[in-house]
A.B. asks: 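Okay, here's the structure, questions in a sec.
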Amino acid sequence: MKRYEQFAFVISAICAFILLLNLVGVVNINSLFNTLLTAATIASIATFNVRNYRSIGIILYAIAVFMVVIYFANDLLV
């Protein structure tokens, strides 16, 4: 396992833990922070997978970017 993969794994675990705390109501985070944490989790999982499964990694990166774009586009439309 490469160093960047280890770093991505730790980042995804931290983000997922914060999202879990938000889900059960221990912490309350706003919608923007929730979206950014979810996108960061997906991007770090993609970084973890991109060496072995390049197409899956690229799709996960695209999903993470698309989530943030939809959030800001929705914010502009309302």
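Hydrogens, waters and symmetry mates are skipped; everything else that's a heavy atom, side chains included, is used.
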A.B. asks: Which atom pairs, donor and acceptor, lie under 3.5 Å between side-chain atoms of residues 22-31 and protein residues at least two apart or in another chain?
C.D. replies:
{"unit_1": "Asn22", "atom_1": "OD1", "unit_2": "Ile29", "atom_2": "N", "d": "3.4"}
{"unit_1": "Asn30", "atom_1": "OD1", "unit_2": "Phe33", "atom_2": "N", "d": "2.9"}

A.B. asks: With a 4.5 Å cut-off on side-chain heavy-atom distances among I, L, V, M, F, W and Y, is there a chain of contacts connecting Leu32 to Met67?
C.D. replies: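 Cluster IDs for Leu32 and Met67 differ.
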A.B. asks: How far apart are the closest heavy atoms of Ala39 and Ala64, and which atoms are they?
C.D. replies: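 Between these two residues, the closest heavy atoms are O-CB, 3.5 Å.
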A.B. asks: Would a single hydrophobic cluster contain both Tyr71 and Val65, if residues Ile, Leu, Val, Met, Phe, Trp and Tyr are joined by side-chain heavy-atom contacts under 4.5 Å?
C.D. replies: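 Val65 does not cluster with Tyr71.
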A.B. asks: Sort out for me which residue in Ile42, Thr35, Leu36 forms a side-chain contact (heavy atoms from CB on, under 4.5 Å) with Thr38.
C.D. replies: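 One option only clears the test, and that one is Ile42.
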A.B. asks: Apply side chain to side chain contact (heavy atoms under 4.5 Å, CB included) to Ile70 and list each qualifying residue two or more places apart in sequence or on a separate chain.
C.D. replies: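 So Ile70 forms a side chain to side chain contact (heavy atoms under 4.5 Å, CB included) with Phe66.
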A.B. asks: Step through the shown structure and confirm whether more than 12 heavy atoms of other residues, nucleotides or ligands are within 6.0 Å of CZ on Phe9.
C.D. replies: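 Incorrect, the count does not exceed 12.
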A.B. asks: Does the side-chain contact (heavy atoms from CB on, under 4.5 Å) test come out yes or no for Tyr61 and Thr47, once each step is laid out?
C.D. replies: CA-CA 8 Å; Tyr61 282 133; Thr47 302; 2.6 Å; yes
A.B. asks: Which value, rounded to the nearest 0.5 Å, describes the distance between Arg51 atom CZ and Lys2 atom NZ?
C.D. replies: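 Spacing of CZ (Arg51) from NZ (Lys2) equals 5.5 Å.
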A.B. asks: Not counting sequence neighbours, which residues clear side chain to side chain contact (heavy atoms under 4.5 Å, CB included) with Ile45? List them please.
C.D. replies: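 Testing Ile45 for side chain to side chain contact (heavy atoms under 4.5 Å, CB included), a comparison that skips the adjacent residues, returns Ser12, Thr41, Asn49, Leu60.
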